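Just so you know, residue 1 is the first one in the sequence shown, and it goes up from there. Predicted, not measured: the structure shown is a model, and the values here were computed from it.
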Amino acid sequence: RMEAHSSVDMFSKVLENQLLQTTKLVEERLDAEIQKMDQMDEDELELLKEKRLKALKKTQQQKQEWLSKGHGEYREIPSERDFFQEVKESKNVVCHFYRDSTFRCKILDKHLAILSKKHLETKFLKLNVEKAPFLCERLKIKVIPTLALVKDGKTQDYVAGFTDLGNTDDFTTETLEWRLGCSDIINYSGNLMEPPFQSQKKIGTNFTKLEKKTIRGKKYDSDSDDD
């Protein structure tokens, strides 16, 4: 017993020592930084300040440019023609192909509206499939809702239905954000190796049944012939 006790003592001593060492290192580093700042002459400090201001200005300009191109809000575009124009002028675009009668589209709307405000670097759009038969054919969109992820004018990836989002209607905004991060269509700061599914409810049985209904043969839906 005594031996066990003394080894615990030793262990805590070692830990304490390491902590002291680390603290000392941090303090020394800080001291060095402060000293460096003290030794800097006016010119050097001015340069540093200028550099920081430049970087800040650049960020602000970038932000303004994005806003002027319609980033920062989730918008509906009226036609296929607009789609080509929009993807031409922005590096990252997420376009939601939706239909009014599909309730899963409303679920996506809610999350996309939140993400459009958070990720100014990406443009978030929605387009009614009934107004875009040619585009749906060309992009082979068969499941509604589908998100087309467009980088540099090229469609790089799709999120079709909710399969990638934990196969549930209750997926979180974080889960969609993670999925978009996987395709590098937004700047994602989380860990891509850890999908945020844990916080979600598990697979709903009614989900898979409904999912099959949306894929009718080759065509994404029967009413597309009316155009």
Side-chain angles (χ1 to χ4, degrees), residues 1-64 66-67 71-72 74 91-92 94 107-108 110-124 147 149 151 156-157 159 162-205 207:
R1 266 222 172 126
M2 281 300 288
E3 270 172 31
H5 190 66
S6 64
S7 63
V8 169
D9 269 1
M10 250 180 68
F11 185 64
S12 57
K13 277 253 160 33
V14 170
L15 260 184
E16 205 176 314
N17 245 329
Q18 276 184 330
L19 267 173
L20 280 172
Q21 287 290 321
T22 315
T23 314
K24 213 172 131 205
L25 266 175
V26 171
E27 279 177 356
E28 277 170 12
R29 214 170 280 160
L30 266 174
D31 282 344
E33 284 289 315
I34 291 168
Q35 204 178 353
K36 211 161 97 187
M37 292 289 272
D38 282 346
Q39 284 168 356
M40 269 189 177
D41 57 22
E42 288 292 309
D43 292 347
E44 281 177 305
L45 272 173
E46 273 307 307
L47 265 174
L48 193 68
K49 238 173 32 197
E50 214 172 290
K51 232 180 177 170
R52 289 213 176 125
L53 271 173
K54 253 193 193 140
L56 211 69
K57 231 187 201 156
K58 205 173 164 192
T59 311
Q60 273 307 104
Q61 276 169 344
Q62 178 69 82
K63 215 169 156 180
Q64 283 314 116
W66 282 331
L67 290 173
H71 294 222
Y74 177 45
K91 188 177 168 61
N92 298 309
V94 174
I107 297 173
L108 264 183
K110 187 181 69 181
H111 296 296
L112 291 168
I114 295 167
L115 290 177
S116 67
K117 288 179 178 58
K118 183 175 177 184
H119 290 279
L120 288 186
E121 71 278 6
T122 304
K123 183 187 274 179
F124 288 84
L147 297 180
L149 313 183
K151 208 174 187 65
Q156 302 278 11
D157 198 3
V159 182
F162 294 170
T163 318
D164 297 356
L165 305 170
N167 226 6
T168 169
D169 289 351
D170 306 331
F171 66 88
T172 60
T173 306
E174 288 72 37
T175 297
L176 179 58
E177 187 177 23
W178 163 81
R179 177 60 185 84
L180 296 178
C182 289
S183 297
D184 194 31
I185 206 77
I186 56 169
N187 298 339
Y188 185 68
S189 53
N191 180 0
L192 288 175
M193 304 308 285
E194 287 177 19
F197 293 156
Q198 291 76 8
S199 54
Q200 294 184 167
K201 294 195 183 83
K202 284 289 154 261
I203 296 168
T205 43
F207 177 81

Quick one: [atom1] on [X] to [atom2] on [Y], what's the gap to the nearest 0.5 Å?
X      : Y      : atom1 : atom2 : result
Leu165 : Leu147 : CG    : CG    : 8.0 Å
Asn187 : Glu177 : CG    : CD    : 10.5 Å
Glu50  : Leu48  : CD    : CG    : 10.5 Å
Gln62  : Glu121 : CD    : CD    : 9.5 Å

For [X] against [Y], the heavy-atom pair lying closest together:
X      : Y      : result
Phe124 : Leu115 : CE1-O, 3.8 Å
Lys117 : Gly72  : CG-O, 3.7 Å
Trp178 : Leu192 : NE1-O, 2.9 Å

task = For the pair Phe171 and Phe162, name the ring-plane relationship: parallel under 30°, tilted 30 to 60°, perpendicular over 60°.
result = perpendicular
query = Within the distance-only criterion (no hydrogens, no angle test), does the side chain of Lys151 pair as donor or acceptor with the backbone N or O of Asp184 below 3.5 angstrom?
reply = yes
request  = Carefully, step by step, assess Tyr74 and Leu108 under the rule side chain to side chain contact (heavy atoms under 4.5 Å, CB included).
outcome  = CA-CA 11 Å; Tyr74 177 45; Leu108 264 183; 5.7 Å; no
request  = Please report the C-alpha distance between Leu67 and Gln64 in whole Å, then the side-chain angles of each, then the deciding distance to 0.1 Å, and finally whether the side chain to side chain contact (heavy atoms under 4.5 Å, CB included) criterion is met.
outcome  = CA-CA 5 Å; Leu67 290 173; Gln64 283 314 116; 4.0 Å; yes
Using a 4.5 Å cut-off on heavy atoms from C-beta on, say whether the side chain of [Y] contacts that of [X].
X      : Y      : result
Leu176 : Leu112 : yes
Lys51  : Lys54  : no
Leu25  : Glu28  : yes

message = Any carboxylate oxygen within less than 4.0 angstrom of a Lys/Arg side-chain nitrogen, looking at Glu27 and Lys24?
response = no
request  = Evaluate the criterion salt bridge (charged side-chain N to carboxylate O under 4.0 Å, His left out) for residue pair Lys13 and Glu16; output intermediate values, then yes/no.
outcome  = CA-CA 5 Å; Lys13 277 253 160 33; Glu16 205 176 314; 6.0 Å; no
ask   = For Ser183 and Arg179, does a side-chain donor sit closer than 3.5 Å to a side-chain acceptor?
value = yes
ask   = Asn191: what forms a side chain to side chain donor-acceptor pair (under 3.5 Å) with it, not counting sequence neighbours?
value = Glu194
inquiry  = Working note: Asn92 + Ile186, criterion side chain to side chain contact (heavy atoms under 4.5 Å, CB included); need CA distance, chi angles, decisive distance, verdict.
reply    = CA-CA 7 Å; Asn92 298 309; Ile186 56 169; over 6 Å; no
